[in-house]
Amino acid sequence: MNIRSFLANRVRNAMSDAGIPNDYSPALAIAKKAGFGDYQANGAMAAAKAMKTNPRELAQSIVNNLDLSGVAQKVEIAGPGFINIHLAPEWLAQQLSSKENYLNTEDEEQIVIIDYSSPNLAKEMHVGHLRSTIIGDAIARILAFRGDKVIRQNHVGDWGTQFGMLIAELEQHLGAGAQAELALKDLEGFYQQAKAHFDEDPAFADKARNYVVELQSGNKKILALWEKFREVSLSHSEDIYRKLNVTLSTEDVYGESAYNDDLAPTVQSLKEKELAIEDDGAQVVFLQELADKKGNPSPVIVQKKDGGYLYATTDLAALRYRTEKLEANRILYFIDARQSLHMQQVFTVARKAGFVSDWVSLEHHPFGTMMGPDGKPFKTRSGTTVKLADLLEEANERALAVVKEKNADLPDEEALIVARKVGIGAVKYADLSKTRTNDYIFNWDAMLSFEGNTGPYLQYAYTRIFSIFRKAGLEIERFDAALELNEPQEQALALRALQFNEALEQVSAEAMPHVLCTYLYDLASLFMTFYEACPILKEGISEDVRNSRLYLSKTVADTLSQGLELLGIETMERM
Ligand code: ARG
């Protein structure tokens, strides 16, 4: 239960007792302006309009029936019929002291599939995969925390014609006595080498094409080479996941090749349902639903003239697997906005073919491009794509310089650990805190700043609270005290802390991690305000007040670290 739904229930009851039909919502929201209470119920106006009565009078009769004794200290009507609810500090204190209360969720547990990261194994992971990996992982953590059964699916690109060329190249290296791990150390270089071979040497190109056929027909020797390539490439990705503190593991890899056996049956089923029709030798589904402006239906090719299958075919087979075998209720895709049409096509075909029932939610959550300081897609100085491994290395180095400058006393070994958390945290937070659907500019100085809505600012706020406890000679984990909220800054902070679950609820519904970032930033800022206005360890502060403030601080620290953890960002006790 969270405060908002708790109050909404009470207001709904009062509305019903005031004779308002049940289909009118209490329209309960956090109050937008100071002085208008903590929450507002704005439903009286819409109900009055429909019932053709005076809205203020209707609001009054709702308030007359509203039982918030012990919960609110004041309920008042403002303007045309807003009901402003001022919560009682004693109630806030009581709620915050019984943690379970405000962290419980009432949503039904769902089986949720999250398709994210999903790099192509032929090449090195690059910055384009960073956003999908970071955002998808945060949402996976948050949904699991809220009680869903989350199944991560790393839909890696591990099949397709380019593998013929790569295997032929690998075979040559191995034949010359090289180790696969070493030959593939620089995956990007290896790919370019293979491509050059393919373009310049017709005999090599023939062999590569032949290997594609051999691979598809299950030739053992060729399959073994493919598996080797796949294994080494995957280990590169896994290395990045570890450095990034991302929860993806080997068990989550379920790549394109996993669907090979279901591609023919998928097309067959589309044919039987008369959705796929032959067009110039290919099998195509024409979607009137996605027609262009001139009314031409959108073509989705599911099998090429030469019999080969496509990206869309694999995604359709994946949907069959996810609904039939994994029994998903909700399927989320974190893929670049440029693949929006593709996803729409896949979803539409899958629904029409009955691969996915109406009650299963299919959601493509697109994101914008990561831009360089020049406002163009992020590239190296020489104009090539930035390797993720290099980017993360640079994050650590830059963070180390910042950490050393801030605190020269930190022992070297600890500074390295802190720098890693700060550097990776800064990169992730910079991404997560922006509205997902927008492009954003990647800026080292801004993301590593200790001021403003940044990862380091939140990590720092957390360490501040730790240092208060250190100074007081107390252990934060074990600390407990009675909470008393006398000052307005204490009340504002307690209320915000209690709204954690509301933020998570919104993130879960919209898959927008920036909502949680904004919340945490706000919480940390309110803490700073509280800390300035309400001294804790100063002389002359009574023990009860001191302990109450310490307890409030501890709650904030817990919420900050829990929130950051859900974003995949680590905290430390000092920095
Ligand atoms: N491998 C693709 C790429 O790198 C992304 C795959 C996304 N997931 C999916 N089910 N289509 O562009």
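Atoms within each ligand, like the ligands themselves, are counted from 1 in listed order. The first residue of the sequence shown is numbered 1, and numbering continues consecutively from there.
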Aromatic ring centroids of [X] and [Y] under 6.0 Å?
| X | Y | answer |
| --- | --- | --- |
| His364 | Tyr333 | no |
| Tyr457 | Tyr521 | yes |
| Phe442 | Phe378 | yes |

All side-chain hydrogen bond (donor to acceptor under 3.5 Å, both in side chains) counterparts of Asp115, not counting sequence neighbours: Ser118, Arg322
How about Tyr259: does its OH atom have over 12 heavy atoms from other parts shown lying under 6.0 Å from it? yes
Residue pair Glu505 / Asn2, side-chain donor-acceptor N/O under 3.5 Å: yes
I'd like the residue list for ligand 1, meaning every protein residue with a non-hydrogen atom under 4.0 Å from the ligand. Asp115, Ser118, Asn120, His129, His155, Tyr311, Asp315, Tyr333, Ile335, Gln339
